[in-house]
Structures are given as C-alpha cells and as structure tokens.
Amino acid sequence: MYTDVEQRKILVRSLIKDNPKATWQYIKQKTAIKIERVYIGGMGEAFRDAGVEPPRTFRRRSIEEKRAIIINYIQQHPTVGGQTIAKDVKIPVCGVFKTTKEAFDAAGVLYPRLVDKRLQEEKKNKIIHYIKENPLATQPEIQKKFHTELYKLFKNMHDIYKKAGIKFIGAHDKRTIKRQQKIIEFIKNNPNATQREININCKTRIQSLFEHGIFDAYKQAGIRYPFERLKTYGVGKKEIRDRWKHYEDTIAFKLSQFGSISRLVRIKRGIPDIILERRRKKIIIEVKDYRAKEISITQIEQLYNYLENAHCNVGVLVCPNKPQRDAFRMGDKKIFIVQDNHLNDVHYFMNKYG
C-alpha cells in the first residue's frame, strides 16, 4: 500500500467519476497509481467507493464459466471465427480450449472451416461441369459466373480441363473458334453473303480464320457456296479481265516516271505485276483493281514471297481503295498499300527503304 493512500483514493474517485468506463490501464496511465495498491478489492471496490455503476463485472470468472460463455456465443453465431469470438466476449478462445475447433465441437456446432471446405468442393464440381458444357469459357467469365477467384480452387486453367476430362483450349484458340462460330452463324442467316459483307459485319477477316477462306466457312455452316457468282465477280468475265488489264497498264504508265519498269517478269515463285528500278534501288509492285472487296492477307503473303525470291526489301500494293491498315513489316521486309491517286508514295518508299 502507498503511504498516502487516502490522497490517491481521492484522485482515483475523481477520475472514475469523470470517466465511468475507466480501465485499470487508463487509471495507471493518467495517475501513475496501481489500483491494487490503493484498493485491496481492486477495480470493483474503486467504483463502489466512487459511487459509480461499474461498466462490467470485475469478478474473475472460472475456466468453466468462460467455457460456457464461449459455447453459448458459438451456438448463437455458428459461422463466427475465433478472432471475432475473442473480440465480442473478451475471452481468448485458445485460453480455455486447445483449439477453436475444440470449442465448436463442445458447442455441438460444425466447424466453419469444414463447411467452407465442403462448399469449395461443391463449387469446384460445378465449375468442372460448366467447362465440360462450355469449353470456350474464359477465366474472367468463369470467375464472374461463380463469384470466385479461380486459382484459389485450381492450379490453373490446364488443371480445370484435365479434371473435366477434355482437351485444353488456349485463350488464342478460344478467340479464333468464337470468331469462326460468329461467321458460321452469319452465313446461316445470310446464305448469299460475300466475303466483304462477312468481314464488315463480323469485324474480322474470314480468309485468316479458315484454311480455305470463305469456301471452308460455307462448308462448316452446311450451306452450299454460290459458285455461280464467281462468273460475275471472277476474272472469267471478259469485260472484267479487260478492265483489270487496262488498270494495270495505266498504273504502270504512271509509275514509269519514277524509273525503269519491268512487266510480268517470272521469278522463282510467281510473276509479279511490276518491278520498278532506279539508281540500283528496286521495288516490287502488285496492282489489284478491287472494287467490291478489300486487300486480304493472302495478297500480302504473296507479295512477301515475291520479295523473298527477288531479294528485295520493299513491296507495294496499288488499289482503288486503301484499307484501314496500310503498312506491314515482316522480318526485314516492308509492304505498303497505296491508293491509286497517291502514286507519289511509291517513289517515296523506294527512295527511303529500297
């Protein structure tokens, strides 16, 4: 006990009256007084002396009482966690039980982690079933549908496909297949659709998605390709052949102002339309009088092959309507698409890159 106990009691009583929820630690912090050296009965006696209703009981509870409080709390809150129990009842669970699971067993309540594990297994089985039914589903789509982080349940997407017993489909292949399906559906609804109409409506390039382009797409759609219109659109019609020849002659004549022109020279892998040479610089030019369709990747690849065989670095495709993408780089080769009213660009490309 302190020698000036009465004076210290006055301080403690005053502090408690001003702070009815004062704790042992709070009193020590404010007055440097250890409450048990002033009141033998501890905090309970101090509150009674101050004439203040204590905020809680200061009687020390037995182990059995603490266990009963925790058990009762668990029964009322069967999904609660150990930290929440300790926070709400002011008793650490592992202070009276060996483990949190033991506390739940004593309360006759299934341990939440076992419930979570069971729910996880159910969700995993649902996802596996879903991927069997929807093999093109992506990771974000699955996570959104099942409201879960996929990699908390599976190692990776390969793991899901393996457990589903189906062949893995990568993200790139999924995008390709979905685009193919979109085109096939469009053809079914529009059995006379042209390549240009399909590309515009499906926002893609049919010739790069199917091995044999539009013919494969029609075959997979189960629709007979309207070969009759090839007579109209193809080079089989004399007036179209004449128009193309006249167009090539016109372009060749205009390009002759930039250098020496060679027409239809056979090289190892074909016959390019024009080879333009000036001051030891050489450029290969393909002329396409396409009025109803766009330049395709097939024409780009054909010109690239010409460049490879002719040991040339620059190629140009001349056409009436320039597509949105008009430049390609393939290794050390550069290919440009030029509209027929901007032929000065050909001269520029030859001087800069030829």
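Here the structure is a predicted model, which is why all the values come from computation and not from measurement.
Within a 6.0 Å sphere centred on CD of Q83, heavy atoms belonging to other residues, nucleotides or ligands number 12 at most. Within a 6.0 Å sphere centred on NZ of K254, other residues, nucleotides and ligands contribute 12 heavy atoms or fewer. More than 12 heavy atoms of other residues, nucleotides or ligands lie within 6.0 Å of CD in Q76, so this atom counts as buried by the packing criterion.
The same ILVMFWY cluster, assembled from side-chain heavy atoms under 4.5 Å apart, contains both I177 and I131. I184 is not connected to L136 by any chain of hydrophobic side-chain contacts under 4.5 Å among Ile, Leu, Val, Met, Phe, Trp and Tyr, and they are in different clusters. In terms of hydrophobic clustering, with Ile, Leu, Val, Met, Phe, Trp and Tyr side chains grouped at heavy-atom distances under 4.5 Å, I33 and I10 are assigned to different clusters. Hydrophobic clustering (side-chain heavy atoms under 4.5 Å, transitive across Ile, Leu, Val, Met, Phe, Trp, Tyr) groups I63 together with F97. Hydrophobic cluster membership differs between L303 and L264, with clusters built from Ile, Leu, Val, Met, Phe, Trp and Tyr side chains linked at under 4.5 angstrom.
The backbone N or O of N305 lies less than 3.5 Å from a partner atom in the side chain of N309, making a donor-acceptor pair. K90 places a side-chain N or O within 3.5 Å of a backbone atom of K87 that can act as its donor or acceptor partner. In this structure a side-chain-to-backbone donor-acceptor pair under 3.5 Å is present from K282 to A310. Distance alone, capped at 3.5 Å, places no donor-acceptor pair between the R13 side chain and the D49 backbone.
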Open item on the list: For a side chain to side chain contact (heavy atoms under 4.5 Å, CB included) check, start with the C-alpha distance between N199 and Q207, then their side-chain angles and the critical distance, and finish with the verdict.
Closed with: CA-CA 9 Å; N199 286 343; Q207 54 272 42; 3.4 Å; yes

Task: Step-by-step side chain to side chain contact (heavy atoms under 4.5 Å, CB included) determination, V80 to Y73 - done: CA-CA 9 Å; V80 75; Y73 185 86; 4.0 Å; yes

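Distance check, rounded to the nearest 0.5 Å: CZ of F210 to OG1 of T176 gives 10.0 Å. Rounded to the nearest 0.5 angstrom, I127 CD1 and N134 CG are separated by 12.5 Å. D340 contributes atom CG, which lies 7.5 Å from atom SG of C319 (distance to the nearest 0.5 angstrom). The NZ atom of K182 lies 8.5 Å from the OG1 atom of T204; values are rounded to the nearest 0.5 Å. N341 contributes atom CG, which lies 8.0 Å from atom CG of L343 (distance to the nearest 0.5 angstrom). To the nearest 0.5 Å, the span separating CD1 on I187 from CD1 on I198 amounts to 4.0 Å.
The aromatic rings of Y218 and Y225 stand perpendicular to each other, their planes meeting at an angle above 60°, with 30° marking the opposite boundary. The aromatic rings of H347 and F258 sit parallel to each other, their planes meeting at less than 30°, with 60° as the upper class boundary.
Checking H129 against N125 by side-chain atom types alone, no donor-acceptor pair falls below 3.5 Å.
Taking the charged nitrogens against the carboxylate oxygens, K145 and E133 have no contact shorter than 4.0 Å, which rules out a salt bridge. Salt bridge status for D289 with R243: present, with a side-chain N to carboxylate O gap under 4.0 Å.
No cation-pi contact links K162 to F168, judged by a cut-off of 6.0 Å to the six-membered ring centre and 45° from its axis.
Taking the centre of each ring, Y304 and F328 stay at or above the 6.0 Å mark.
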